[in-house]
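Here is the structure we will look at, set down as structure tokens.
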There are 2 protein chains.
Amino acid sequence: MVDETHRDEEEEHLARQLKARGLRPTRQRLALAKLLFGRGHRHVAAEELYQEARQAGVSVSLATVYNTLHQFTRAGLLSEVVVGSGQSYFDTHVGSHWHFFDKTTGEILDIPEDAIAFARLPAPPPGKVIDRIDVVIRVRRAEPVPEQPLGRED
Amino acid sequence: MVDETHRDEEEEHLARQLKARGLRPTRQRLALAKLLFGRGHRHVAAEELYQEARQAGVSVSLATVYNTLHQFTRAGLLSEVVVGSGQSYFDTHVGSHWHFFDKTTGEILDIPEDAIAFARLPAPPPGKVIDRIDVVIRVRRAEPVPEQPLGRED
DNA sequence: ATTTGTGCAAATCGTTTGCATCTGA
DNA sequence: TCAGATGCAAACGATTTGCACAAAT
């Protein structure tokens with residue numbers, strides 16, 4: 001389903017990007033890059049991207065997916081999204097940004113950049129500079145939860 | 001080093017707190033509560049608290065530390081701080097507040113509530129309510145990092 | 001030909017769980 | 001007494017690592 005020898009324009013572009021950042025444009029890196037950057041913003045977990053890649057007929061191992069995700073992150077092509085201590089998500093959006101997160105369902109929703117604005121921000125601690133600002137708005141279903149009557153403790 | 005039978009005023013207070021929230025004031029819960037709440041605000045990881053407890057001569061297992069941390073969190077005595085996907089931190093400060101986080105050193109610093117103000121916030125997705133808002137300002141040392149000269153990738 | 005990347009499986013890390021034993025009210 | 005807690009060790013899921021093999025320049 002995929003022509004292994006010929007690179008289309010998109011691949012050429014990606015290949016150049018990778019080279020420019022010191023990453024050899026290997027088959028799997030190109031394929032993953034294509035999945036990641038080919039269709040607008042996305043957040044993916046390693047396992048997820050791994051499945052996608054395999055379904056797309058790309059021969060790649062989970063370890064390589066992890067490696068690649070981290071290399072891309074180091075190269076500034078991805079950023080890591082931390083919403084819970086379970087697993088890591090990687091976001092094709094690199095700047096500061098925001099998310100809704102429902103821990104009961106695990107879903108992460110993007111919040112458009114301009115939907116949050118700060119009226120006041122602290123200066124970084126002495127000797128530090130701000131790298132980026134993450135905002136996670138934790139939400140839950142608006143339903144039951146009448147009131148927990150003390151004594152709940154599993 | 002610790003009198004097992006007599007409870008000082010602090011312990012009585014903590015014991016009452018726990019009871020009021022449906023948690024039996026057991027030896028280890030009291031000891032952990034004392035470590036957690038005895039000296040102002042703190043963020044601790046489970047492993048950390050575990051070590052502290054043992055050094056304080058408290059006989060407690062790591063599993064119980066985890067249990068207790070979660071029970072306290074459920075009871076509203078602690079809040080979980082998510083800054084990285086590695087491990088969980090628990091914060092004795094329960095109200096809304098924010099954090100600086102330096103991933104290179106692992107340090108977490110509190111940001112007072114009033115140091116951040118929002119000029120605009122999004123409405124929660126339909127059917128959801130906002131549980132709480134987490135803000136993590138990621139920082140790093142303001143020094144070296146002159147510019148990564150391409151080609152770094154190890 | 002060299003150097004760098006990849007795949008696999010085993011190893012690690014933080015955290016959770018199952019179950020027998022103990023403890024507090 | 002007896003429900004609820006605890007300790008231990010095994011189980012777990014996500015991620016990392018070591019090393020032989022393969023691919024890119």
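In what follows, chains are A, B, ... by sequence order, proteins preceding strands, each numbered from 1. Computed from a prediction, not measured in an experiment: that's the story for all the values here. Atom set for the values below is all heavy atoms of this structure, side chains included, hydrogens, waters and symmetry mates excluded.
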Discussion item. Taking only side-chain N and O atoms of H70(B), does any of them lie within less than 4.0 angstrom of OP1 or OP2 on dT15(C)?
Written reply: no
Practice prompt. Verify side-chain contact (heavy atoms from CB on, under 4.5 Å) between R140(A) and K128(B), making sure each step is shown before the conclusion.
Written response: CA-CA 5 Å; R140(A) 57 164 202 274; K128(B) 311 262 187 180; over 6 Å; no
Discussion item. What's the closest nucleotide to the side chain of R27(B) if the choices are dA24(D), dG24(C), dG7(C)?
Written reply: dG24(C)
Worksheet item: Closest to the Q28(A) side chain: dT15(D), dG7(C), dT6(D)?
Response: dG7(C)
Worksheet item: Just checking, is any N or O donor in the side chain of Q71(A) or R21(A) under 3.5 Å from an acceptor N or O on the other one?
Response: no
Worksheet item: Over how many whole Å does the gap from L18(B) atom CG to dA25(C) atom C1' extend?
Response: 15 Å
Item to complete: Calculate the interatomic distance between E80(B) atom CD and dT15(C) atom P; express it in whole Å.
Response: 9 Å
Worksheet entry | F72(A) CZ - dG5(C) P separation (whole Å) | 11 Å
Fill in: R16(B) CZ - dA25(C) P separation (whole Å)
13 Å
Worksheet item: Closest to the Y66(B) side chain: dA24(D), dT15(C), dG7(D)?
Response: dT15(C)
Worksheet item: Is the closest side-chain donor-acceptor distance between H99(B) and D134(B) under 3.5 Å?
Response: no
Worksheet, complete the sentence: Among dT15(D), dG24(C), dG7(C), the one nearest any side-chain atom of L62(A) is dT15(D)
Worksheet item: Which sits closer to the 5' end of DNA chain C, Q87(B) or A63(B), going by the nucleotide each is nearest to?
Response: Q87(B)
Discussion item. Side chain of N67(A) only, heavy atoms from C-beta on: which candidate in dT15(D), dT17(D), dG7(C) is closest?
Written reply: dT17(D)
Discussion item. Classify S59(B) by what it touches in the nucleic acid, base, sugar-phosphate, or nothing, heavy-atom distance under 4.0 Å.
Written reply: sugar-phosphate
Worksheet item: Looking at the side chain of S61(A), which of dC8(C), dG7(D), dT15(D) is the nearest nucleotide?
Response: dC8(C)
Worksheet item: In terms of side-chain heavy atoms of R24(A), which of dA23(D), dT16(D), dG7(D) is nearest?
Response: dA23(D)
Worksheet item: Would you say a side-chain N or O of S88(A) is under 4.0 Å from OP1 or OP2 of dT15(D)?
Response: yes
